[in-house]
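Throughout, a chain's letter reflects where its sequence line sits, starting with A, and its residues are numbered from 1.
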Protein chains: 2
Amino acid sequence: MTDTGTPRMETTMTSTDSAPRRTRQRTAVTSALRESDSFRTAQEIHDLLRQHGHAVGLATVYRTLQTLVEAGEADVLRTADGQASYRSCSPEHHHHLVCRHCGRTVELAAPDVERWAQAVAAEHGFAEVGHHLELTGRCATC
Amino acid sequence: MTDTGTPRMETTMTSTDSAPRRTRQRTAVTSALRESDSFRTAQEIHDLLRQHGHAVGLATVYRTLQTLVEAGEADVLRTADGQASYRSCSPEHHHHLVCRHCGRTVELAAPDVERWAQAVAAEHGFAEVGHHLELTGRCATC
DNA sequence: CTTTGTGCAAAGGCTTTGCATGCTT
DNA sequence: AAGCATGCAAAGCCTTTGCACAAAG
């Protein structure tokens with residue numbers, strides 16, 4: 001007898017933490033975020049992809065960005081008007097000095113702050129430390 | 001004929017910028033905010049006032065807080081989950097170290113960062129400098 | 001008396017979620 | 001073949017706004 005039956009083995013592995021699947025949408029969102037040197041809202045990403053012809057559902061954009069944040073591959077913060085802004089977690093890291101009046105922005109490197117953040121976090125037993133820092137003021141022109 | 005008519009004079013002055021009126025609600029919200037040493041969301045303020053018996057409409061709380069911000073008497077920022085947090089503009093100033101997983105929060109004083117912010121801003125010709133800094137990571141427990 | 005502030009409820013905007021289908025593994 | 005990912009649309013949540021009434025100046 002030709003045994004065509006396949007022995008049923010446990011196929012449902014407890015998938016401890018399977019990596020997210022590689023889909024067109026996930027790739028599109030991820031690269032869009034990577035190519036943006038600054039923070040982008042979910043809706044901006046959505047529009048951006050549309051313009052580039054890589055249309056992705058808004059819900060998917062939200063879900064993907066959320067996943068990235070949970071995986072530590074993106075940072076998130078909220079804008080003044082309540083929208084969530086995401087940024088790819090890249091090694092290069094800088095901060096902004098923004099003029100409250102004219103909006104002029106200066107990019108800053110802050111190695112001291114980076115070090116301080118690491119040290120203080122470690123002191124309190126925190127790992128995988130990220131941080132967000134923004135300075136606001138009135139620039140010389142205003 | 002007894003003229004009872006009152007002469008109509010221009011009563012509508014262009015009220016350049018009249019100070020807000022002194023009302024029970026405005027007072028309640030303002031002191032509630034002052035008594036909080038840290039950031040409070042509009043809804044927290046609302047609940048707080050209810051508990052203290054100084055009930056105020058939620059919309060009024062929002063409006064009052066907004067007014068305070070515009071007048072520069074309060075700072076506002078957004079929490080990770082999108083709620084607006086308000087704080088009375090006081091000299092004392094601190095930062096947060098938040099666990100991404102359990103949400104545990106440690107308050108930090110950061111005199112070094114404060115100094116750095118002032119120095120860097122001045123270097124670029126900025127005045128009236130303010131800043132917002134938040135650290136995120138995974139705490140020892142998680 | 002005029003104008004501003006308040007309450008309530010409805011509307012608005014951003015984000016999340018349910019469900020059927022498509023695509024990755 | 002099995003299961004996660006996607007889309008669409010509906011639901012959720014925080015916040016703002018319209019309108020009638022009350023209070024302050």
By nearest heavy atom, map A:Ala59 and B:Pro20 onto DNA chain C; which one lands nearer the 5' end? B:Pro20

For A:Tyr62 and D:dG7, what is the distance between atoms OH and P respectively, to the nearest whole Å? 15 Å

Close side-chain approach of B:Thr41 and B:Glu44, heavy atoms under 4.5 Å: yes

I'd like to know if the side chain of B:Gln66 pairs up with that of B:Tyr86 as donor and acceptor (distance under 3.5 Å, no hydrogens or angles considered). no

Look only at the side chain of A:Glu123 and the backbone of A:Val120, and say whether a donor-acceptor pair between them is shorter than 3.5 Å. no

Between A:Thr64 and A:Thr60 (side chain of the first, backbone of the second, donor and acceptor by atom type, cut-off under 3.5 Å), is there such a pair? yes

Of the options D:dT6, C:dT15, D:dT16, whose atoms approach the side-chain atoms of A:Thr64 most closely? D:dT6

With a 4.0 Å limit, can you tell me whether B:Gln66 has a side-chain N or O closer than that to the phosphate oxygens OP1/OP2 of D:dT16? yes

Detail all sub-3.5 Å separations between protein N/O atoms and N/O atoms belonging to nucleotides 19-23 of chain D.
none

Sorted by position of nearest nucleotide on DNA chain D, 5' first, the leading residue of B:Arg24 and B:Gln83 is B:Gln83

Respond yes when some side-chain nitrogen or oxygen of A:Gln43 is under 4.0 Å from OP1 or OP2 of C:dT15, and no when none is. yes

In the structure I gave you, are the side-chain heavy atoms of B:Pro20 and B:Arg26 within less than 4.5 Å of one another anywhere? yes

N/O (side chain, A:Arg26) to phosphate O (OP1/OP2, C:dC23) under 4.0 Å: no

Below 4.5 Å, heavy atoms only, C-beta onward: do A:Val29 and A:Leu65 meet side chain to side chain? yes

If I take atom CG in residue A:Leu49 and atom P in nucleotide D:dG7, what distance separates them, rounded to the nearest angstrom? 10 Å

Separation of atom CZ in A:Arg78 from atom P in D:dC13, rounded to whole Å: 15 Å

Whole-Å distance between D:dC13 C1' and B:His46 NE2? 16 Å

So, is A:Gln25 near the phosphate of C:dC23, with a side-chain N or O under 4.0 Å from OP1 or OP2? no

Given 3.5 Å as the limit, does a donor-acceptor pair link the side chain of A:Thr27 with the main chain of A:Thr23, or not? yes

Length of the CD-P vector between A:Glu44 and C:dC14, whole Å: 11 Å

So, A:His46 side chain and A:Val61 main chain: donor-acceptor pair closer than 3.5 Å or not? no

Using five pairs at either end of the helix from C:dC1-D:dG25 to C:dT25-D:dA1, determine the angle between the two local helix axes and round it to 10 degrees. 40°

Within a 6.0 Å radius of atom CZ on A:Arg24, are there more than 12 heavy atoms belonging to other residues, nucleotides or ligands? yes

